[in-house]
Participant: 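To start, I am sharing the structure in question, which I have written as structure tokens.
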Amino acid sequence: MRVVALEDLNEDMVLAREIIDGENARVLLGKGTVNLPQYAERLSGIGVRWLYVEDAVSAGIEIKPALRQELADQAEASLQAIFASLQLDRQPQYLSMVHLTQELIREVLANPELLVNVYELRCRGGDFLGHSVNVAFMSLLIGQSRQYDDSKLKILGVGALLHDIGVVSLPVSLLHRRRNFTLEEKLLYEQHPVLGYHAVRDSWDISPQARGIILSHHERSDGSGYPRRLLRGDIHEFARIVGLADCFEELAGGHPLSQEMHIQEAVELLSVQAEKWFEASLVKSFTNRIPLCPTGATVRLNDGRCAIVVSQNEGFPTRPVVRVIQDATGNPVATASDIDLLLNNHLVIQ
Ligand SMILES: [Fe+2]
């Protein structure tokens, strides 16, 4: 399996994972679909940029979901029920979401080598439900790296899942506009942390610290955040962690208002702004969990050859195992060969 941009699809590729229309929650293209180039224009129209495909050169490459799909779906469903209750002015039931947070924590703790797969984020993101699950997953990874105990992880996970709950109270037309807000719309959008805080304020199931995450996830250490323009000492570490995960989603492609930067650019920008926005050690514990070249990505080596990333070498995000599929002139190689970049220091991914 590998990940291919729409413009690179060819007739020999078979769809490896179904395409779901996020807005209508229905399957657009099923696993096993062939003749993929004919769907490229339609997929592009609904915002799909790339697909998981099987083809001869990627045979045997396995892309493991960072988070079990079933668990991600359950978390999204419980959030959807909460969002729906709020829209109907009813008091939401938070207990099933709190239980699912515990499941998420178990999943993260059971797999200490879990990495963020940016393609997975882009797959699940794009609406506030998928985005919230992504942010919760990444926040828990950061919490795990900080050696948080179970009770701290639980607060972090609940706050992260609910961090954008305030958007439910915003006009739908505003959320559909995505970017290019007018100043008035921007100010309205920036009210969502306060609206979210008020939505959960009287709920016994949500701890005061989790409520604080909702209120402060857009605050930045240098005072440039919102809604209260807090400075670093006044922003709880939980809120900075969720803010960091949220910011990465916005840069790299999972957030509904995303800029879809290249992963490397997003990681670089976060690293440069680390101290101004969050805290250098927090950003470091996060970026260590992001492979710069995700498994399944196509990359170019410094000798001009083209390769697919086959697997990661833990702790060496820029030195994965790759499979060469094209020579330096762009012609397919007769026999694809796997190269461990950890053992071949003269080769670099460009
Ligand atoms: Fe937000």
Side-chain angles (χ1 to χ4, degrees), residues 22 75-76 79-80 82-83 86-87 92 94 97 101 121-122 124-140 142-143 155-181 183-201 206 209-230 234-261 266 269-270 273 277-278 282-283 286:
E76 272 197 41
L79 272 181
Q80 188 161 31
I82 292 169
F83 281 26
L86 285 174
Q87 275 164 335
Y94 292 103
M97 185 220 53
T101 307
L121 299 184
R122 288 178 183 167
R124 207 164 35 242
D127 62 52
F128 282 98
L129 299 174
H131 161 69
S132 300
V133 176
N134 286 345
V135 168
F137 171 66
M138 290 188 284
S139 299
L140 290 175
I142 302 169
I155 296 166
L156 187 63
V158 168
L161 275 173
L162 294 176
H163 77 283
D164 268 341
I165 194 172
V167 299
V168 175
S169 309
L170 295 174
V172 177
S173 57
L174 180 75
L175 301 177
H176 278 162
R177 271 180 56 83
R178 311 233 152 182
R179 271 168 278 172
N180 305 321
F181 287 153
L183 178 61
E184 207 172 83
E185 287 168 334
K186 180 173 173 286
L187 293 175
L188 184 56
Y189 180 76
E190 291 183 357
Q191 285 303 306
H192 77 268
V194 178
L195 294 169
Y197 177 78
H198 284 295
V200 299
R201 196 178 47 182
I206 311 299
Q209 285 159 304
R211 293 177 213 162
I213 292 173
I214 297 169
L215 181 61
S216 301
H217 71 276
H218 282 289
E219 300 291 353
R220 299 292 178 257
S221 294
D222 62 355
S224 64
Y226 61 87
R228 293 181 290 166
R229 316 255 174 247
L230 296 179
D234 298 320
I235 310 168
H236 196 284
E237 183 169 288
F238 294 165
R240 277 186 280 129
I241 289 176
V242 173
L244 170 58
D246 182 41
C247 187
F248 180 72
E249 274 262 284
E250 190 168 341
L251 295 174
H255 190 283
L257 311 180
S258 179
Q259 304 174 31
E260 288 203 29
M261 253 182 201
L269 180 61
L270 277 182
Q273 300 287 14
W277 289 348
F278 307 104
L282 268 191
V283 174
F286 180 47

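Here the structure is a predicted model, which is why all the values come from computation and not from measurement. Hydrogens, waters and symmetry mates are skipped; everything else that's a heavy atom, side chains included, is used. Atoms within a ligand are numbered from 1 in the order they appear, just like the ligands themselves.
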Participant: Rounded to 10 degrees, what angle sits at the Fe ion (ligand 1) between His192 NE2 and Asp164 OD1?
Facilitator: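 Value, to the nearest 10 degrees: 90°.
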
Participant: Of all residues at least two apart in sequence or in a different chain, which pass the ring pair (Phe, Tyr, Trp, His ring centres under 6.0 Å) check with Phe238?
Facilitator: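 Applying ring pair (Phe, Tyr, Trp, His ring centres under 6.0 Å) to Phe238 gives Tyr148, His236.
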
Participant: Between Phe278 and Leu270, is there a side-chain heavy-atom distance shorter than 4.5 Å?
Facilitator: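 Counting from C-beta outward, Leu270 and Phe278 do come under 4.5 Å.
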
Participant: Is any N, O or S atom of His217 under 2.8 Å away from the Fe ion (ligand 1)?
Facilitator: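 His217 does place an N, O or S atom closer than 2.8 Å to the Fe ion (ligand 1).
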
Participant: Taking Gln87 for the side chain and Val168 for the main chain, is one N or O donor matched with an acceptor at less than 3.5 Å?
Facilitator: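 No: the side chain of Gln87 does not pair with the backbone of Val168.
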
Participant: Taking the side chain as everything from C-beta on, heavy atoms only, tell me whether His131 gets closer than 4.5 Å to Asp246.
Facilitator: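 Result yes, sub-4.5 Å side-chain heavy-atom pair found.
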
Participant: Does the shortest distance from the Fe ion (ligand 1) to an N/O/S atom of Asp246 fall below 2.8 Å?
Facilitator: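 Checking Asp246: none of its N, O or S atoms is under 2.8 Å.
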
